[in-house]
Amino acid sequence: MLTTFPALLTYSFFAPTILRFAAALVLAYLAYYHYTHKEAVARTRFPIMGEGMWIAWLAILVEGIVALGLLLGYHTQISAIIGALIALKIAFWSGTYPTFFVFSRSTGFLLLVICLSLLISGGGALAFDLPL
């Protein structure tokens with residue numbers, strides 16, 4: 001089957017880069033939200049972990065590092081795995097803990113698909129990941 005715009009296929013290497021930037025922006029916003037609402041996040045009681053300010057700071061740290069890793073393209077597959085786990089948590093627990101998981105379930109599933117596609121396809125252009 002012929003493509004409508006065959007000249008655009010030369011830029012297919014930039015597709016994972018766009019997905020990487022989109023996932024990084026979502027995770028960076030999530031880290032920023034947790035930073036601005038630390039007190040509300042600290043009061044959220046989780047079944048095993050309990051509650052406390054350390055949960056807010058741990059979430060800020062993990063989401064920030066994953067967002068930075070995806071944005072810079074540094075260890076993209078490791079960042080994509082951790083991002084997929086965060087996306088699964090968003091997708092399944094957004095209704096149970098609305099102060100912690102602020103995105104909807106559909107956003108969590110879309111972030112999961114983006115992270116899994118980055119895991120399979122790699123970082124794309126401007127990434128530091130080199131295949132061995």
Side-chain angles (χ1 to χ4, degrees):
M1 179 176 214
L2 296 175
T3 62
T4 308
F5 302 108
L8 291 178
L9 293 177
T10 59
Y11 301 111
S12 64
F13 190 62
F14 289 102
T17 307
I18 296 169
L19 292 175
R20 203 179 73 216
F21 287 163
L25 287 175
V26 169
L27 289 169
Y29 176 76
L30 190 60
Y32 173 75
Y33 179 85
H34 286 153
Y35 179 74
T36 56
H37 297 90
K38 288 186 294 271
E39 292 81 17
V41 171
R43 286 191 303 265
T44 303
R45 182 151 182 81
F46 294 101
I48 296 173
M49 297 187 310
E51 63 183 27
M53 189 61 78
W54 68 273
I55 295 174
W57 282 109
L58 181 67
I60 293 166
L61 183 70
V62 169
E63 292 156 358
I65 289 173
V66 171
L68 194 63
L70 287 174
L71 186 67
L72 297 177
Y74 186 69
H75 292 294
T76 306
Q77 290 180 324
I78 295 171
S79 297
I81 290 172
I82 299 170
L85 292 175
I86 293 170
L88 274 173
K89 291 171 83 173
I90 292 170
F92 288 112
W93 289 340
S94 65
T96 308
Y97 303 106
T99 58
F100 192 78
F101 300 108
V102 295
F103 293 123
S104 64
R105 291 181 194 269
S106 60
T107 305
F109 281 120
L110 285 174
L111 183 62
L112 176 67
V113 169
I114 289 173
C115 288
L116 290 178
S117 70
L118 286 173
L119 178 66
I120 294 169
S121 67
L126 305 172
F128 294 108
D129 293 344
L130 297 174
L132 296 178

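Starting from 1, each residue takes its place in the sequence as its number.
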In one Ile/Leu/Val/Met/Phe/Trp/Tyr side-chain cluster, 4.5 Å: [X], [Y]:
{"X": "V102", "Y": "L58", "answer": "yes"}
{"X": "F46", "Y": "L88", "answer": "yes"}
{"X": "F109", "Y": "L30", "answer": "yes"}
{"X": "F5", "Y": "F14", "answer": "yes"}
{"X": "W54", "Y": "Y33", "answer": "yes"}

Close side-chain approach of [X] to [Y], heavy-atom, < 4.5 Å:
{"X": "L112", "Y": "I90", "result": "no"}
{"X": "V26", "Y": "F103", "result": "yes"}
{"X": "L70", "Y": "L27", "result": "yes"}

Where [X] and [Y] come nearest, the two heavy atoms and their spacing:
{"X": "T10", "Y": "A7", "value": "OG1-O, 2.8 Å"}
{"X": "A127", "Y": "G124", "value": "CB-O, 3.6 Å"}
{"X": "S117", "Y": "L19", "value": "OG-CD1, 3.7 Å"}
{"X": "G83", "Y": "C115", "value": "C-SG, 3.7 Å"}
{"X": "A28", "Y": "A67", "value": "N-CB, 3.6 Å"}
{"X": "P16", "Y": "G122", "value": "CB-O, 3.6 Å"}

Calculate, to the nearest 0.5 Å, the distance between atoms [atom1] and [atom2] belonging to [X] and [Y] respectively.
{"X": "L119", "Y": "I114", "atom1": "CG", "atom2": "CD1", "answer": "13.5 Å"}
{"X": "E63", "Y": "Y29", "atom1": "CD", "atom2": "OH", "answer": "12.0 Å"}
{"X": "L118", "Y": "T17", "atom1": "CG", "atom2": "OG1", "answer": "9.0 Å"}
{"X": "L111", "Y": "S106", "atom1": "CG", "atom2": "OG", "answer": "11.5 Å"}
{"X": "L68", "Y": "I65", "atom1": "CG", "atom2": "CD1", "answer": "8.5 Å"}

For T76 and S79, does a side-chain donor sit closer than 3.5 Å to a side-chain acceptor?
no
Step by step, would you call I60 with K38 a side chain to side chain contact (heavy atoms under 4.5 Å, CB included)?
CA-CA 9 Å; I60 293 166; K38 288 186 294 271; 4.1 Å; yes
| said: With side chain to side chain contact (heavy atoms under 4.5 Å, CB included) as the criterion, how do F128 and H75 come out once you've worked through the C-alpha distance, each side chain's angles and the decisive distance to 0.1 Å? | reply: CA-CA 7 Å; F128 294 108; H75 292 294; over 6 Å; no
- Task: Taking the six-membered ring for Trp and the full ring for Phe, Tyr or His, determine whether the centres of F100 and H34 are under 6.0 Å apart.
- Result: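 Yes, close enough.
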Would you say the ring centroid of F92 lies under 6.0 angstrom from that of F101? no
Run the side chain to side chain contact (heavy atoms under 4.5 Å, CB included) check on R20 and L71 step by step: do they pass? CA-CA 6 Å; R20 203 179 73 216; L71 186 67; over 6 Å; no
- Query: Does A40 offer a backbone N or O that forms a donor-acceptor pair with the side chain of T44 under 3.5 Å?
  - Reply: yes
Q: Begin from the C-alpha positions of I86 and V62 and carry the test side chain to side chain contact (heavy atoms under 4.5 Å, CB included) through to its verdict.
A: CA-CA 9 Å; I86 293 170; V62 169; 4.2 Å; yes
